[in-house]
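These figures come from a predicted structure and were not determined experimentally.
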Amino acid sequence: MEKIEKDIYKITLPTPFLVGPINTYLIKGQALTLVDTGPNTEEAFQVLESNLMELCIELKDIEIVILTHHHPDHIGLLEKFLPHAKVYAHPKVKPWLDKDPKFLEDLLQFYGTLYESHGVPEKFIREIEKKKKGYLHFSSGGHVDKELLEGSEIEGLSEWSVIETPGHAQSHISLYRHSDGVMLAGDHIIEHISSNAIIEAPYGENEERPKTLLQYRESLEKCAHAKIAYSGHGKAVENPKKLIGNRLVEQDKKGQKFKQLMGRNPITAFELCKRKYLHIFEQQPDLTFSETLGHLDVLEENGEVRQVLLEGIIHYQVI
C-alpha cells in the first residue's frame, strides 16, 4: 500500500493474468470509496483485506465501489463489499455483473462468427472460447446502483467527474479531479505498455462491431489535459500528454509495419496476425488477433487498405 495523494491510497494486488498485479485505489472523500477491487482469488482478497486493516478499515466500511470497467481483475472481488457498498459503473458493466446466460451466449456466438469470417481456424476459435469462459471464474456477480456517463458527478466525491474512455473496454471510464488534474485512469493509460483495444461485441441489437482501436485513440486525446494519471497496472504516468503523444505515434508506426507485412495480395487478418506475431500468437491468439484487426480498422479508416471478400472470408488489400 502507498499513499499517493493526501486522500488517496494505492493498493496493489496479485492477479493470475499475464498483465501482472493490479492497482486499486482507496479515496477518503465525503464517502469512503474504493476504485476497482482486484480479481476473485483468495490471494488477492487477503492482500486487499490486510491493507485495508492497516488503515483501520473493514470491508463493511467501504461506502462506494467504483468500477473503471468490466474486466475480471477489476471487478472480481465486488461481492465482498455487498450489500454495504453502493456500486457505481458505466451501464455496460451491468450485463457482466448480472451474468445473464443469454448475454454470455450471444457474446460467444459473436466471437465465433467474427473469427470465422476472418479466417481463424476452428482450433483457435475453440481455444479462445475456452479462455474467455475461464476468465469468468475470476469475475463477480452484483449490480450497479448508479450509472456513470460522460461528465457525471460522483455523489460522495464532489471534486471528481467521469470521462468515458472506451477502447480497451466498451465499459471503460476514467475519473478526473478538476482541482489538481489527478486522473484515475484504470487500464486506459498505462506507463509501461500500450493497452490492447480489445475487440468486443456490440451491446445493442443491429449495431456494428465497435472499431475499438479508433475509439481508443479518440479516448486518449480526451485525457491529455490530466496532470498525472494513476493506472490500473504499473506506476503513475507523470506526464500524460507526452505519453499519449508518443503512444499515438507508436501506433501509427505499428500500423505501417502491418501494412508492409501485407504484401501486394489480399490477406486475412488471421494470416497477417501470424506474420506479425509469429512467436506468440499461438499463446495469445485472442490478444494478437485483436491487435491486428484494430490496426486494420485504422488503416481502412485512413483509406490505406480495403476489404475484399474471397470465398466468404474477409481479406484486406493495400490500396
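Side chains of Asp187 and His74: a donor on one and an acceptor on the other come within 3.5 Å. For His70 and Ser171, the side-chain atoms include at least one donor-acceptor pair closer than 3.5 Å. Side-chain contact of His295 with Asp297: a donor-acceptor pair under 3.5 Å is absent, judged by distance alone. Glu164 and His90 share a side-chain donor-acceptor pair at under 3.5 Å. Side chains of Gln30 and Glu155: no donor on one and acceptor on the other come within 3.5 Å.
In this structure the side chain of Pro210 reaches within 4.5 angstrom of the side chain of Gln170, judged on heavy atoms. Glu147 places none of its side-chain heavy atoms less than 4.5 Å from the side chain of Val93. Side-chain contact between Tyr135 and Asp73: absent, with no pair of heavy atoms (C-beta onward) separated by less than 4.5 Å.
The salt bridge (Lys or Arg N to Asp or Glu O under 4.0 Å) pairs that include a residue from residues 27-36 number zero, where partners must be two or more places apart or lie in different chains. Legend: side chain to side chain donor-acceptor pair (under 3.5 Å) pairs involving residues 110-119, not counting sequence neighbours, sorted by first then second residue: Gln109-Thr113. Pairs of residues two or more places apart, or lying in two chains, that qualify as side chain to side chain donor-acceptor pair (under 3.5 Å) and include a residue from residues 7-21 are Asp7-Arg177, Thr12-Asn23.
Hydrophobic cluster of Val298: the remaining members, joined at side-chain heavy-atom separations below 4.5 Å, are Ile163, Tyr176, Met183, Ile189, Leu213, Leu214, Tyr216, Leu220, Val237, Leu243, Ile244, Leu248, listed by chain and number. In the hydrophobic clustering, where aliphatic and aromatic side chains (Ile, Leu, Val, Met, Phe, Trp, Tyr) are joined below 4.5 Å either directly or transitively, Leu148 groups with Ile4, Ile8, Tyr25, Ile27, Val35, Ile64, Ile66, Tyr88, Ile154, Leu157, Trp160, Val162, Ile173, Leu175, Val182, Leu184, Ile228, Tyr230.
The residues Asp286 and Lys131 are annotated as salt-bridged, a charged nitrogen and a carboxylate oxygen being separated by less than 4.0 angstrom. A salt bridge does not link Glu2 with Lys235: every distance from a Lys NZ or Arg NE/NH1/NH2 to an Asp or Glu carboxylate oxygen is 4.0 Å or more. Using a 4.0 Å cut-off between charged side-chain N and carboxylate O, Lys274 and Glu271 make a salt bridge. With respect to the salt-bridge test (charged N to carboxylate O, under 4.0 angstrom), the residues Glu63 and Lys86 do not qualify. Under the 4.0 Å criterion applied to side-chain N and carboxylate O atoms, Glu238 and Lys227 are not assigned as salt-bridge partners.
Shown here are the salt bridge (charged side-chain N to carboxylate O under 4.0 Å, His left out) partners of Asp252, two or more places apart in sequence or in another chain: Arg217.
Note: the hydrophobic cluster containing Tyr316 also contains Leu309 (ILVMFWY, side chain heavy atoms under 4.5 Å, direct or indirect links).
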